[in-house]
Chemist: 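Let me begin by handing over the structure; questions about it come next.
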There are 2 protein chains.
Amino acid sequence: MEMMAEARAEVRELGKRATPARLTTLLFLRSQARPASHAEVSRALEPLGFDKTTVFRNLNDLCEWGLAQKSELGDHVWRFEPSQSGSHRSKHPHFVCVDCGTVTCMDQIQLTRGSLETSRDIGKVTEILLRGHCNDCN
Amino acid sequence: MEMMAEARAEVRELGKRATPARLTTLLFLRSQARPASHAEVSRALEPLGFDKTTVFRNLNDLCEWGLAQKSELGDHVWRFEPSQSGSHRSKHPHFVCVDCGTVTCMDQIQLTRGSLETSRDIGKVTEILLRGHCNDCN
DNA sequence: TAAGCTATTGCAATCGAATTGCAAATAGGC
DNA sequence: GCCTATTTGCAATTCGATTGCAATAGCTTA
Ligand SMILES: [Mn+2]
Ligand SMILES: [Mn+2]
Ligand SMILES: [Zn+2]
Ligand SMILES: [Zn+2]
């Protein structure tokens with residue numbers, strides 16, 4: 001498959017071994033519309049014969065190597081999503097519904113000039129997380 | 001003590017029992033400049049003879065009753081802080097340093113008009129969390 | 001393409017925060 | 001002071017995250 005060959009090349013590029021578990025984990029993340037928890041990825045890959053711990057380690061390794069990103073969205077569970085390939089490889093904002101737990105990836109959320117100054121007094125903002133009630137939940 | 005009598009009144013006002021563990025927990029939160037984790041509160045109260053689980057339950061009860069707020073700031077640990085007494089009892093934004101873990105309470109962080117519209121398409125934002133590198137850490 | 005070295009895997013065990021069950025203690029109304 | 005519903009203390013449990021270690025399997029090299 002096309003995707004698989006591509007993933008293999010990317011992993012090899014980093015000097016890492018292109019194992020089936022690793023490539024499948026990466027492909028799975030890329031197939032999802034939203035960040036996936038370790039439990040979700042495992043649930044999908046265990047039936048294929050991949051071990052839960054191996055998945056766990058690969059998820060974290062992929063993050064360490066820049067191929068994926070890990071975020072804590074407020075429910076004490078890590079969620080993983082593939083890094084943006086092209087333009088913005090940086091973290092993007094997320095919206096989490098406190099009612100149904102749905103996570104939405106957002107582009108270009110900006111703070112007002114005043115807020116930006118305020119935040120600069122404290123530090124350099126690298127990540128924005130919004131929480132609230134999604135339109136479906138109200 | 002003044003604080004204690006005040007706390008007692010507030011708890012009684014809610015129809016709840018003003019137990020030593022409960023009042024001490026509330027006073028402790030109010031003595032802190034930053035949100036405190038359950039572990040931190042327990043560490044402070046256990047030497048005084050209060051049980052870890054009791055502290056845990058009181059922290060959550062206080063939140064349920066509106067006297068405190070609970071947030072997940074990105075490290076898989078709940079943090080508790082007293083509700084603002086006067087003007088804005090609502091949740092305020094926080095900044096968390098991903099390096100040192102320091103949490104800073106912020107006032108009035110606003111999104112740009114455009115971002116606000118974008119977010120409205122998704123849901124009603126009730127909480128904003130900023131993460132990044134604090135000025136002390138660079 | 002077979003051997004060898006090392007990264008990776010599988011599985012059991014451990015960790016720690018969060019959560020629960022239940023009997024004993026106690027706050028507050030009477 | 002008595003009574004009862006609430007709260008507490010302590011042990012046990014849950015569950016995601018994390019680790020140790022021996023077995024396995026990529027990849028490099030000869
Ligand atoms: Mn995303
Ligand atoms: Mn705060
Ligand atoms: Zn929702
Ligand atoms: Zn810092």
Side-chain angles (χ1 to χ4, degrees), chain A residues 4-5 7-26 28 35-65 67-80 101 103, chain B residues 4-5 7-26 28 35-65 67-80 101 103:
Chain A
M4 186 62 87
R8 160 169 272 111
E10 292 175 77
V11 169
R12 295 300 298 120
E13 183 66 29
L14 294 166
K16 306 299 175 180
R17 294 185 181 178
T19 67
R22 184 165 289 162
L23 300 182
T24 306
T25 299
L26 181 53
F28 179 81
S37 66
H38 169 225
E40 289 165 343
V41 182
S42 296
R43 193 177 312 134
L45 299 207
E46 281 196 304
L48 278 55
F50 299 111
D51 183 78
K52 192 188 277 273
T53 304
T54 299
V55 170
F56 168 80
R57 282 191 275 227
N58 275 317
L59 285 171
N60 282 292
D61 286 345
L62 290 171
C63 289
E64 202 168 299
W65 306 334
L67 292 179
Q69 311 253 348
K70 183 205 292 209
S71 355
E72 155 60 65
L73 273 10
D75 59 355
H76 285 196
V77 174
W78 292 116
R79 311 216 168 229
F80 301 83
V103 177
Chain B
M4 185 62 88
R8 159 168 275 111
E10 292 175 77
V11 169
R12 296 300 298 121
E13 183 66 30
L14 294 166
K16 306 297 176 181
R17 295 188 180 174
T19 66
R22 185 165 287 162
L23 300 181
T24 307
T25 299
L26 182 52
F28 179 80
S37 66
H38 169 226
E40 288 164 344
V41 183
S42 297
R43 194 176 311 132
L45 299 206
E46 282 197 302
L48 278 54
F50 299 110
D51 183 77
K52 191 189 278 275
T53 305
T54 298
V55 171
F56 169 78
R57 282 191 274 228
N58 275 318
L59 285 171
N60 283 292
D61 287 344
L62 291 171
C63 289
E64 204 168 298
W65 306 333
L67 292 179
Q69 312 253 349
K70 183 206 290 209
S71 358
E72 155 60 69
L73 272 12
D75 59 355
H76 284 196
V77 174
W78 292 117
R79 312 222 166 224
F80 302 83
V103 177

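Naming convention: chains lettered A, B, ... in sequence-line order (proteins, then strands); numbering from 1 in each chain.
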Chemist: Expressed as a whole number of angstroms, how long is the span from B:Leu23:CG to D:dT6:C1'?
Modeler: 14 Å
Chemist: Specify the closest pair of heavy atoms between B:Ser42 and B:Pro47, including all atoms of both residues, with the distance to one decimal.
Modeler: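 Smallest heavy-atom distance, with atoms named: O-CD, 4.1 Å.
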Chemist: Which pairs, protein N/O on one side and nucleotides 22-26 of chain D N/O on the other, fall under 3.5 Å?
Modeler:
residue: D:dG26; atom: N2; partner: A:Arg17; partner atom: NH2; Å: 2.9
residue: D:dG26; atom: N3; partner: A:Arg17; partner atom: NH1; Å: 3.4

Chemist: Please report the shortest heavy-atom distance between A:Glu72 and B:Gly74, naming the atom on each side.
Modeler: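 For A:Glu72 and B:Gly74, the tightest heavy-atom pair comes out as CG-CA, 3.4 Å.
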Chemist: For the pair made of CG in A:Asp75 and C1' in C:dA17, what is the distance, rounded to whole Å?
Modeler: 14 Å
Chemist: A:Cys63 and A:Phe80: which non-hydrogen atoms are nearest, and at how many Å?
Modeler: SG-CD2, 3.6 Å
Chemist: Figure out the CD/C1' separation between B:Glu72 and C:dA18, and round it to whole Å.
Modeler: 12 Å
Chemist: Whole Å only: how far is the CG atom of B:Asp61 from the P atom of C:dT19?
Modeler: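 Rounded to the whole Å, the gap is 12 Å.
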Chemist: Closest approach of B:Glu40 and B:Phe28, non-hydrogen atoms and distance?
Modeler: O-CZ, 4.3 Å
Chemist: Please step through side chain to side chain contact (heavy atoms under 4.5 Å, CB included) for the pair A:Leu14 and A:Leu67, ending with a clear verdict.
Modeler: CA-CA 10 Å; A:Leu14 294 166; A:Leu67 292 179; 3.7 Å; yes
Chemist: Looking at every non-hydrogen atom in both residues, tell me the closest pair between A:Lys52 and A:His38 and how far apart they are.
Modeler: O-NE2, 3.0 Å
Chemist: Quickly work out the A:Leu48 CG to C:dT9 P distance and round it to whole Å.
Modeler: 15 Å
Chemist: Please write out each protein N/O paired with an N/O of nucleotides 9-16 of chain D under 3.5 Å, distance rounded to 0.1 Å.
Modeler:
residue: D:dG9; atom: OP2; partner: B:Asp51; partner atom: N; Å: 3.3
residue: D:dG9; atom: OP2; partner: B:Thr54; partner atom: OG1; Å: 2.8
residue: D:dG9; atom: N7; partner: B:Arg57; partner atom: NH2; Å: 3.2
residue: D:dG9; atom: O6; partner: B:Arg57; partner atom: NH2; Å: 2.6
residue: D:dC10; atom: N4; partner: B:Arg57; partner atom: NH2; Å: 3.4

Chemist: Tell me the interatomic distance from A:Phe56, atom CZ, to C:dA13, atom C1', rounded to whole angstroms.
Modeler: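 Going from A:Phe56 (CZ) to C:dA13 (C1'), I get 14 Å.
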Chemist: Rounded to the nearest angstrom, tell me the gap between atom CG in A:Asn60 and atom C1' in D:dA17.
Modeler: 9 Å
Chemist: Send over the distance from A:Leu62 CG to C:dA7 C1', rounded to a whole Å.
Modeler: 15 Å
Chemist: Atom CZ in A:Arg57, atom OG1 in A:Thr25: separation rounded to 0.5 Å?
Modeler: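 Result: 12.0 Å between the selected atoms.
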Chemist: Considering non-hydrogen atoms only, spot the tightest contact between A:Ala18 and A:Arg8 and give its length.
Modeler: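 In this case the closest contact between A:Ala18 and A:Arg8 is O-NH2, 3.5 Å.
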Chemist: In chain order, what residues pass the salt bridge (Lys or Arg N to Asp or Glu O under 4.0 Å) check against A:Asp61, with sequence neighbours excluded?
Modeler: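 Partners of A:Asp61 under the salt bridge (Lys or Arg N to Asp or Glu O under 4.0 Å) test: A:Arg22.
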